[in-house]
Amino acid sequence: MMPEQWDAEEPVLPVVGCVGSAGASTTALAVATAAGHARVLECSTVTTSGLASAATAELGSTPAGWALGRREGVLVARTTEAFASPADLPLPDLADPPVSLTVLDVGWELNHALTSRGWLTRALEAAPHVVAVSTATIPGMRRLEAALAMLGPARVVVAVVGPPLRRWPRGVEPSMGSLARAAADRGDLVQIPTDRGLAGRGVDSTPLPAPLLAAAATILRQVGAGPIEKGTP
């Protein structure tokens with residue numbers, strides 16, 4: 001059992017997927033990239049990694065056992081072992097050099113992440129904001145509503161992968177629950193455009209599409225953060 005407490009020196013923004021293959025890892029990487037001076041911690045077990053090919057430069061392993069890489073100014077840390085539970089994850093290292101934001105790609109089914117023990121559960125509970133990623137589908141809306149209820153909707157920014165709300169497939173908008181609809185009404189629902197290239201090949205070392213980064217920048221504004229200017233310490 002790993003230690004349960006992680007004291008990050010920088011703000012922490014968890015990103016959770018509400019439904020399988022929603023694009024949470026891609027969204028987490030995009031948010032870190034849009035921030036401009038950040039890192040993303042992929043907190044999944046190695047067998048479900050979505051960021052294994054994301055780095056353009058591999059930097060070796062950290063003392064705690066995270067594989068570290070870099071791309072477009074973003075540090076990418078991912079696990080290299082198989083874990084049975086979020087409680088088994090090693091503690092993150094201090095970012096070197098320091099960063100202004102750490103994005104957690106939670107990588108576990110939400111109920112499992114919230115009811116486990118360990119630093120990831122504590123970080124998810126304590127975060128002032130959480131990004132919940134779902135899809136513009138009826139199952140995606142159902143799972144989103146459950147996630148909002150578990151997380152506490154007031155602190156959640158909803159990211160929906162698919163077309164703008166007015167162009168959702170028939171039946172999807174009526175399937176929104178009251179919590180998701182309230183998020184949309186107060187402006188806390190961000191549309192994440194689908195990219196056919198990313199959907200087919202997954203995240204690799206090529207630059208992320210501009211529309212995706214624009215949506216990520218919107219998420220940062222929603223949580224009260226913004227792109228970090230180049231040269232910011």
Side-chain angles (χ1 to χ4, degrees), residues 1-4 6 8 11-33 35 38-55 61-62 64-69 71 74-93 95 99 101-127 129-135 139-140 143-144 146-148 150-151 155-161 192 198-199 202-204 208 212 216 219 223:
M1 184 73 67
M2 291 292 175
E4 295 189 14
W6 172 48
V12 174
L13 178 62
V15 176
V16 301
C18 300
V19 65
S21 301
S25 293
T26 303
T27 301
L29 181 61
V31 169
T33 303
R39 68 171 169 173
V40 56
L41 289 176
E42 187 181 41
C43 303
S44 62
T45 184
V46 67
T47 53
T48 60
S49 173
L51 299 180
S53 301
S61 297
T62 71
W66 296 78
L68 191 64
R71 57 168 287 145
V74 174
L75 291 172
V76 180
R78 55 188 176 83
T79 58
T80 58
E81 299 180 23
F83 300 108
S85 165
D88 298 328
L89 289 167
L91 278 173
D93 304 81
V99 295
L101 176 70
T102 286
V103 181
L104 297 180
D105 176 16
V106 172
W108 297 83
E109 190 276 326
L110 182 57
N111 185 62
H112 193 183
L114 285 172
T115 58
S116 184
R117 300 180 63 185
W119 68 265
L120 180 61
T121 298
R122 301 294 175 262
L124 188 53
E125 292 172 340
H129 301 284
V130 179
V131 180
V133 184
S134 196
T135 56
R143 293 288 296 273
L144 171 61
L148 289 170
M150 286 188 282
L151 290 167
R155 66 180 180 135
V156 179
V157 172
V158 174
V160 177
V161 178
I192 305 293
L198 274 176
V203 176
D204 56 18
L208 296 175
L212 173 59
I219 291 173
V223 301

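Between Leu124 and Leu104 there is no side-chain heavy-atom pair separated by less than 4.5 Å. The side-chain heavy atoms of Glu42 and Val76, taken from C-beta on, include no pair separated by under 4.5 Å. Looking only at side-chain heavy atoms (C-beta outward), Val203 and Leu29 come within less than 4.5 Å of each other.
Note: Thr33 OG1 to Arg71 CZ = 5.5 Å, rounded to the nearest 0.5 Å. Between Leu75 atom CG and Thr102 atom OG1 the span is 9.0 Å, to the nearest 0.5 Å. Rounding to the nearest 0.5 Å gives a distance of 10.0 Å between CG of Leu51 and OG1 of Thr79.
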| task | Verify side-chain contact (heavy atoms from CB on, under 4.5 Å) between Val130 and Val106, making sure each step is shown before the conclusion. | result | CA-CA 10 Å; Val130 179; Val106 172; over 6 Å; no
| query | Checking side-chain contact (heavy atoms from CB on, under 4.5 Å) for the pair Thr26/Val133: CA distance, chi angles, key distance, verdict? | reply | CA-CA 10 Å; Thr26 303; Val133 184; over 6 Å; no
Test side-chain contact (heavy atoms from CB on, under 4.5 Å) on Val16 and Leu151 and set out the steps.
-> CA-CA 10 Å; Val16 301; Leu151 290 167; 4.1 Å; yes
For Ser85 and Arg117, what are the C-alpha separation, side-chain angles and deciding distance, and is it a side-chain contact (heavy atoms from CB on, under 4.5 Å)? CA-CA 9 Å; Ser85 165; Arg117 300 180 63 185; over 6 Å; no
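Trp66 contributes a side-chain N or O that, together with a main-chain N or O of Leu91, makes up a donor-acceptor pair within less than 3.5 Å. Between the side chain of Ser61 and the backbone N or O of Ala67 there is no donor-acceptor pair closer than 3.5 Å. Trp6 places no side-chain N or O within donor-acceptor distance of the main-chain N or O of Arg122, the cut-off being under 3.5 Å.
Between Phe83 and Thr45, the shortest heavy-atom distance links the atoms N-OG1, 2.7 Å. Minimum interatomic distance between Val15 and Ala24 (heavy atoms only, all atoms of both residues): CG1-O, 3.7 Å. Residues Ser25 and Asp105 come closest through the heavy atom pair OG-OD2, 2.5 Å. Smallest separation of non-hydrogen atoms from Ser44 and Leu89: O-CD2, 4.3 Å. The two atoms that bring Ala64 and Asp93 nearest to each other are N-OD2, 3.1 Å, heavy atoms only. Nearest heavy-atom pair, Ala127 versus Val12, reported as atom, atom and distance to 0.1 Å: CB-O, 4.2 Å.
Under the 3.5 Å distance criterion, with hydrogens and angles disregarded, no donor-acceptor pair is assigned to the side chains of Ser53 and Asp204.
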